[in-house]
There are 2 protein chains.
Amino acid sequence: MQLRRLERHPKRFGDAGLLTPSEIHTIEAIGDEGGVRMSELAGRLGVTKGAVTQIVSRLEEKELLTRSPHPHDSRATVLTLSEKGKEAFRAHEDVHDRFYERLRARLSDSEIDIFEKGLRTLIESLED
Amino acid sequence: MQLRRLERHPKRFGDAGLLTPSEIHTIEAIGDEGGVRMSELAGRLGVTKGAVTQIVSRLEEKELLTRSPHPHDSRATVLTLSEKGKEAFRAHEDVHDRFYERLRARLSDSEIDIFEKGLRTLIESLED
DNA sequence: GTCATTTGGTATAGTAACTAAACCTTTTCA
DNA sequence: TGAAAAGGTTTAGTTACTATACCAAATGAC
């Protein structure tokens, strides 16, 4: 099966324009509630804080999020999605929902459990 | 599920040393029969011929394959795995085999069919 | 209280894995 | 026979990182 080469190209998410997989994944990890620190985000994404600085800077330039100082810790920065960022977030949720609809159209609930069991086995095998 | 961030790091394949995912994937696509042209390989991998030139050059430097002129078409180059390259190929096949063993330990044949059906749905969804 | 350590974030250089475009050389074929 | 197609290389640029060095603010052991 061709699992490589997947999800490489930028896609359009609503009015937010073209976003790379990393960009939309970062937006997804911040969430529409916002109030996430840089280091917390690095943990969620499983990358270094340097990587987060870079992608967050790009998303800030694109006006998809805002950086603001942490109220009680002046070292820290908290991130919040802008309206445009929230729109991208919702558009991405829709993509997820459409995938699950498609999956449910083809597999029953118990079959989806089996699919997820297989996926976990695949992920496990790729990890070592 | 965390499908991103997978299969990013170089791994050891027998005596062939550390190989990046792209490198081992290229070796897999050439196969132990060899005799593959650059452009044929680009098609198999789904990348441009420029990309193939680059990765093949690196594999040639690492002595995992050899370039030779095509016997009947002097424009073309044919690729063949060296012994070290074939060893990496076999080591990679073993990884595949171990994955399927693990999968069969957890899922029956009909459940594996369901898993693959789910995977196809996932791939389809990522494509559009 | 103060000073070393930890934590939060940034900056910079380097790498992998590409694409796109320009280019050169053969081959094909109308 | 000459234009177009096909095979391959080169170069510059992009994305998505890591590692390292760095600075400022917070913590906490004494």
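Per chain, numbering begins at 1; letters A, B, ... match sequence-line order.
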| message | Testing the basics here: between S125(B) and K11(A), what is the closest heavy-atom pair and its distance to 0.1 Å? | response | O-NZ, 4.4 Å
| message | In this structure, how many angstroms lie between the P atom of dA20(C) and the CZ atom of R8(A), rounded? | response | 14 Å
| Quick one: ring-ring contact (aromatic ring centres under 6.0 Å, His included) partners of F13(B), sequence neighbours excluded? | H92(B)
| request: Quickly work out the L79(B) CG to dG7(D) C1' distance and round it to whole Å. | output: 12 Å
| request: Give a yes/no answer on whether the side chain of R58(B) brings an N or O atom under 4.0 Å of OP1 or OP2 in dA17(C). | output: yes
| said: Need one value for T77(A): base, sugar-phosphate or nothing, where a base atom within 4.0 Å counts as base even if backbone is also close, heavy atoms only. | reply: sugar-phosphate
List the atom pairs, with distances to 0.1 Å, where a side-chain N or O of residues 51-60 of chain B and a protein N or O form a donor-acceptor pair under 3.5 Å, not counting sequence neighbours.
| from | atom 1 | to | atom 2 | distance (Å) |
| --- | --- | --- | --- | --- |
| T53(B) | OG1 | K49(B) | O | 3.2 |
| Q54(B) | NE2 | G50(B) | O | 3.3 |
| S57(B) | OG | T53(B) | O | 2.6 |
| S57(B) | OG | R67(B) | NH2 | 3.3 |
| R58(B) | NE | E23(B) | OE2 | 2.8 |
| R58(B) | NH2 | E23(B) | OE2 | 3.1 |
| E60(B) | OE1 | R67(B) | NH1 | 2.6 |

| query | Which residues satisfy the side chain to side chain donor-acceptor pair (under 3.5 Å) test with D94(A), sequence neighbours excluded? | reply | none
| Short side-chain N/O contact from R37(A) to OP1 or OP2 of dG8(C), under 4.0 Å | yes
| L18(B) CG - dT18(D) P separation (whole Å) | 17 Å
| request: Confirm from the modelled atom types if Q54(A) and dT18(D) form a donor-acceptor pair under 3.5 Å, side chain to base only. | output: yes
Distances for protein N or O near nucleotides 23-27 of chain C N or O, under 3.5 Å:
| from | atom 1 | to | atom 2 | distance (Å) |
| --- | --- | --- | --- | --- |
| dT26(C) | O3' | S74(B) | OG | 2.8 |
| dT26(C) | O2 | R75(B) | NH1 | 3.4 |
| dT27(C) | OP1 | S74(B) | N | 3.0 |
| dT27(C) | OP1 | S74(B) | OG | 2.9 |

| field | Length of the CG-C1' vector between L19(B) and dT15(C), whole Å | value | 16 Å
| query | What pairs of residues pass the ring pair (Phe, Tyr, Trp, His ring centres under 6.0 Å) test when at least one of them lies in residues 66-85 of chain A, not counting sequence neighbours? | reply | none
| query | With a non-hydrogen cut-off below 4.0 angstrom, is T48(A) in contact with a base, only sugar-phosphate, or nothing? | reply | base
| request: Give the rounded distance in Å between these two atoms: NE2 of H25(B) and C1' of dC18(C). | output: 14 Å
| Phosphate oxygens OP1/OP2 of dT9(D): is one of them under 4.0 Å from a side-chain N or O of R67(B)? | yes
| Most 5' of S57(B) and I55(A) on DNA chain D, judged by nearest nucleotide | S57(B)
| message | Any base atoms under 4.0 Å from A76(B), or only sugar-phosphate, or nothing? Heavy atoms, all strands. | response | sugar-phosphate
| field | Flag, side chain of E87(B) to backbone of D15(B), donor-acceptor distance under 3.5 Å | value | yes
| Listed by chain and number, what are the side chain to side chain contact (heavy atoms under 4.5 Å, CB included) partners of I112(B), not counting sequence neighbours? | L103(B), R104(B), L107(B), E116(B)
| message | Distance check needed: dA17(C) C1' versus L59(B) CG, whole Å only. | response | 13 Å
| query | Could you state the NE2-C1' distance from H70(A) to dG9(C), rounded to the nearest angstrom? | reply | 14 Å
| message | Nearest to the side chain of T20(B), heavy atoms from C-beta on, is which of dG9(C), dT18(D), dA17(C)? | response | dA17(C)
| field | d(NE2, H9(B); C1', dA19(D)) in whole Å | value | 14 Å
